[in-house]
Number of protein chains: 2
Amino acid sequence: MALPSTARNDPSADERLQIIQAGTAACRLYGPSKTTVSDIARLLGKSPASLYRTFPSKADIWDAIAADFFESDLRFAPSPAGDPVGAADQLKQTMLGHHRLLLQAIHGDPKMFDLIVLSASSNWSSFRQFRNRLHGLVGELIRVGIGTKEFQPTDVRAASCCFCASLLVLWDPRIVGSTPSNHCEISAHKLVSFAIDGLR
Amino acid sequence: MALPSTARNDPSADERLQIIQAGTAACRLYGPSKTTVSDIARLLGKSPASLYRTFPSKADIWDAIAADFFESDLRFAPSPAGDPVGAADQLKQTMLGHHRLLLQAIHGDPKMFDLIVLSASSNWSSFRQFRNRLHGLVGELIRVGIGTKEFQPTDVRAASCCFCASLLVLWDPRIVGSTPSNHCEISAHKLVSFAIDGLR
């Protein structure tokens, strides 16, 4: 049985950040499947064992690197609410904005993109956080739209789940990353408009 | 350069069928990643080379096995149109029926399910046929619903694409096969109703 250590229970934020930054650099060099804990430790001039004082397992390191990427590179905030931009337009912006960030990652940061595909496929905590953040943002916008009578009154949480699920092709890394002709030639704009019609 | 052979240009339907049946049996035993062309040939009492007189490559054999499974085990036909069953109900039945067949395959035929996940991930012709068949069926039902004034007049092909894309969580093997809590706890019924609202 492992004895609890202070470092393991309350890891220093600085150490976490250093490991995440070095892990991101290693992942960009070698890709998520070929990066090892030793690669990350070498970049930091530390021993692999020392990394396990901050993260309990290799899986936790990879999940933290993915969470940081989701947070820093795949977070889209719509322009502030208010006329002339209604809730429907903000919802559109939000979904298309996330889609654009994912497409940029595929082309500009392919190895980090592979990592978030892994996160989604394995349902890591980093992916669940990304999805929950999107659900929360969409829920807020639906609430605003119900207030302004753009949308029908409804169970906001359920509507947000349905809306996000119906636009999975735009924001789920597994699907966004698949070959272009994998679904249909319909544009992202049309897909969002179709889903928004379900809220009116 | 390979010389064209009669068998390669016009493979006997019987031989194709035998190879597909033996390939399905081998895949059920060993799973798609561990099955070899030799395994299939052995089940048929033939040499591996002889299989290449019917199929140009290993990939073509796997694609044909997947196509046969999509066609025989994952084809859902809604009850005939007409009152009291309207087009909206038929659409619901169609999407929920496909979803049910996929869930049955996950639990009852897990190795064949792995094969169709591979087909979807790699965008094989078998997956594109399955998706196109679904798009076609959904398009017919939307056309019926426009005729009965259940749905707004619209570009049927685009609406069918949007509708199918918005319900990907129900019929794309990659997503249906992912861990249960991967999207949200919303029911399949609610998701379909949400997408149908987009057609009204």
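Hydrogens, waters and symmetry mates are skipped; everything else that's a heavy atom, side chains included, is used. All chains are named by letter (A, B, ...) in the order of the sequence lines, taking the proteins before the strands, and each is independently numbered beginning at 1.
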Check for me, please, whether A:Leu168 and B:Trp171 land in the same ILVMFWY cluster - side-chain distances under 4.5 Å, paths through other members count. yes
Please say whether more than 12 non-hydrogen atoms of neighbouring residues, nucleotides or ligands are located less than 6.0 Å from CZ in B:Arg28. yes
Is there a path of hydrophobic side-chain contacts, each under 4.5 Å between heavy atoms of I, L, V, M, F, W or Y residues, that connects B:Phe55 with B:Ile40? yes
Can you tell me if NZ on B:Lys190 sees more than 12 non-hydrogen neighbours from other groups inside 6.0 Å? no
Test item: A:Arg174 and B:Ser178 side chains (from C-beta on) under 4.5 Å apart, heavy atoms: yes
Smallest heavy-atom separation, A:Phe194 atom then B:Ala159 atom, equals CE1-O, 4.5 Å
What is the distance from atom CZ of B:Phe163 to atom CG of A:Leu191, rounded to the nearest 0.5 Å? 13.0 Å
